[in-house]
Amino acid sequence: RGFESFTCLGVYQEPLRHLVHAFKYQAATPLAGWFALRLSRQWRGKKPDLLVPLPLHPSRQQARGYNQASV
């Protein structure tokens with residue numbers, strides 16, 4: 001079975017772009033809660049079947065020290 005829908009937080013432009021970059025490249029991990037809250041609001045009461053963090057290449061994860069998707 002394929003997927004029926006997907007959700008995105010918004011258009012990848014400022015100020016969202018700045019927040020994504022801070023989260024990914026400047027270890028601004030407290031933003032994880034901010035992103036999660038806003039994504040959950042977009043579900044409008046529907047519960048997703050599955051959330052999947054995409055794997056990060058091992059060299060990138062080593063350089064960053066974490067996988068932002070799994071945070």
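These values consider heavy atoms only, across backbone and side chains, with no hydrogens, waters or symmetry-generated copies. Since the structure is predicted, the reported quantities are computational estimates derived from the model, not experimental observations.
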Would you mind writing out the side-chain donor-acceptor pairs for residues 50-61 within the sub-3.5 Å range, not counting sequence neighbours?
residue : atom : partner : partner atom : Å
H57     : ND1  : S59     : N            : 3.1
H57     : ND1  : S59     : OG           : 2.8

Solution key, residues 22-41 side-chain donor-acceptor pairs under 3.5 Å, sequence neighbours excluded:
residue : atom : partner : partner atom : Å
R38     : NH1  : W34     : O            : 3.3
S40     : OG   : A36     : O            : 3.3
S40     : OG   : L37     : O            : 2.8

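Residues V11 and L16 have side chains not in contact (no heavy-atom distance under 4.5 Å, counting atoms from C-beta outward).
Here salt bridge (charged side-chain N to carboxylate O under 4.0 Å, His left out) pairs that include residues 12-21, with residues two or more places apart or in two chains, are E14-R17.
Not a single salt bridge (Lys or Arg N to Asp or Glu O under 4.0 Å) links R64 to another residue, sequence neighbours left out.
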